[in-house]
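Below is one structure, written out as structure tokens; comments come after it.
All values derive from a computational prediction rather than experimental measurement.
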Amino acid sequence: MSGETIKIEFELPQELFFNSRNFTQTLIKAEALKRIAATFYADGSLSLGKASQLANASKQDFLDFLASHNIPINYDVQELEKDLSTIKEFIEHENSL
């Protein structure tokens, strides 16, 4: 993220956060940030790394959050091909030792 930020204040219905859980203001803010970050990640506006930064979460925690909300990870054919190529190179290197 560039370091420049904007501050947005808005009101949300309590039932979005108080469905049988006792949330504090801090937890509500954290949950809202994760949901916003997930939206930007899902539409491709943010990478996984940037979205997890926005959500103030580790990549693994953010991936867990996405999974728990049935949001698929952005992983296209080009990324798969790159990963497969990397694995192939690793295996070839290991076999040459």
Side-chain angles (χ1 to χ4, degrees):
M1 303 195 140
S2 69
E4 293 182 39
T5 63
I6 58 172
K7 184 174 183 171
I8 300 172
E9 293 186 36
F10 51 90
E11 295 181 15
L12 298 170
Q14 281 187 348
E15 60 267 13
L16 291 176
F17 301 98
F18 291 107
N19 57 356
S20 79
R21 292 187 238 166
N22 190 10
F23 275 95
T24 64
Q25 280 297 114
T26 301
L27 290 174
I28 290 170
K29 181 179 178 182
E31 179 74 9
L33 277 174
K34 285 180 185 175
R35 290 177 182 227
I36 291 168
T39 299
F40 286 126
Y41 172 76
D43 75 8
S45 297
L46 289 177
S47 67
L48 177 63
K50 296 292 184 184
S52 62
Q53 284 178 353
L54 176 61
N56 291 322
S58 69
K59 284 184 184 178
Q60 186 58 58
D61 286 344
F62 190 67
L63 284 169
D64 292 344
F65 179 84
L66 294 174
S68 70
H69 289 81
N70 298 316
I71 299 170
I73 59 170
N74 297 333
Y75 191 74
D76 62 21
V77 173
Q78 290 174 324
E79 289 172 305
L80 173 62
E81 289 173 349
K82 182 179 175 187
D83 288 346
L84 290 173
S85 175
T86 301
I87 292 168
K88 182 179 176 183
E89 287 175 23
F90 177 78
I91 291 171
E92 288 172 354
H93 177 72
E94 287 291 308
N95 289 337
S96 68
L97 295 177

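Using modelled atom types, no side-chain atom of Ser85 and backbone atom of Glu81 make a donor-acceptor pair closer than 3.5 Å. Between the side chain of Glu79 and the main chain of Asp76, a donor-acceptor pair closer than 3.5 Å is present.
Annotation: side-chain hydrogen bond (donor to acceptor under 3.5 Å, both in side chains) contacts of Glu92 (sequence neighbours excluded): none. Partners of Asn70 according to the side chain to side chain contact (heavy atoms under 4.5 Å, CB included) rule, which considers only residues two or more places apart in sequence or in another chain, do not exist here. For Leu33, the side chain to side chain contact (heavy atoms under 4.5 Å, CB included) partners are Lys29, Leu54, Asn56, not counting sequence neighbours. When the side-chain hydrogen bond (donor to acceptor under 3.5 Å, both in side chains) test is applied to Ser47, no partner is found at least two apart in sequence or on another chain. Remark: Asp61 pairs with Ser58 by the side-chain hydrogen bond (donor to acceptor under 3.5 Å, both in side chains) rule, at least two apart or across chains. By the side chain to side chain contact (heavy atoms under 4.5 Å, CB included) test, Pro13 is found to be paired with Glu15, Leu16, residues two or more places apart in sequence or in another chain being considered. In terms of the side-chain hydrogen bond (donor to acceptor under 3.5 Å, both in side chains) criterion, residue partners of Asp43 (sequence neighbours excluded) are, by chain and number, Ser45.
The side-chain heavy atoms of Leu63 and Ile73, taken from C-beta on, include a pair separated by under 4.5 Å.
Separation of atoms CG (Leu80) and NZ (Lys82) is listed at 12.5 Å; rounding is to 0.5 Å. The structure places CD1 of Ile28 at 9.0 Å from CG of Leu12, a figure rounded to the nearest 0.5 Å. The CG atom of Leu48 lies 10.0 Å from the CD atom of Gln53; values are rounded to the nearest 0.5 Å. Within the model, atoms CG of Asn74 and CG of Leu66 stand 8.5 Å from one another, a figure rounded to the nearest 0.5 Å.
Sorted by first then second residue, the ring pair (Phe, Tyr, Trp, His ring centres under 6.0 Å) pairs that include residues 43-75, not counting sequence neighbours, are Phe65-His69.
More than 12 heavy atoms of other residues, nucleotides or ligands shown are found within 6.0 angstrom of CD on Glu94.
Residues Ser52 and Lys59 approach most closely at OG-CG, 3.7 Å, considering heavy atoms.
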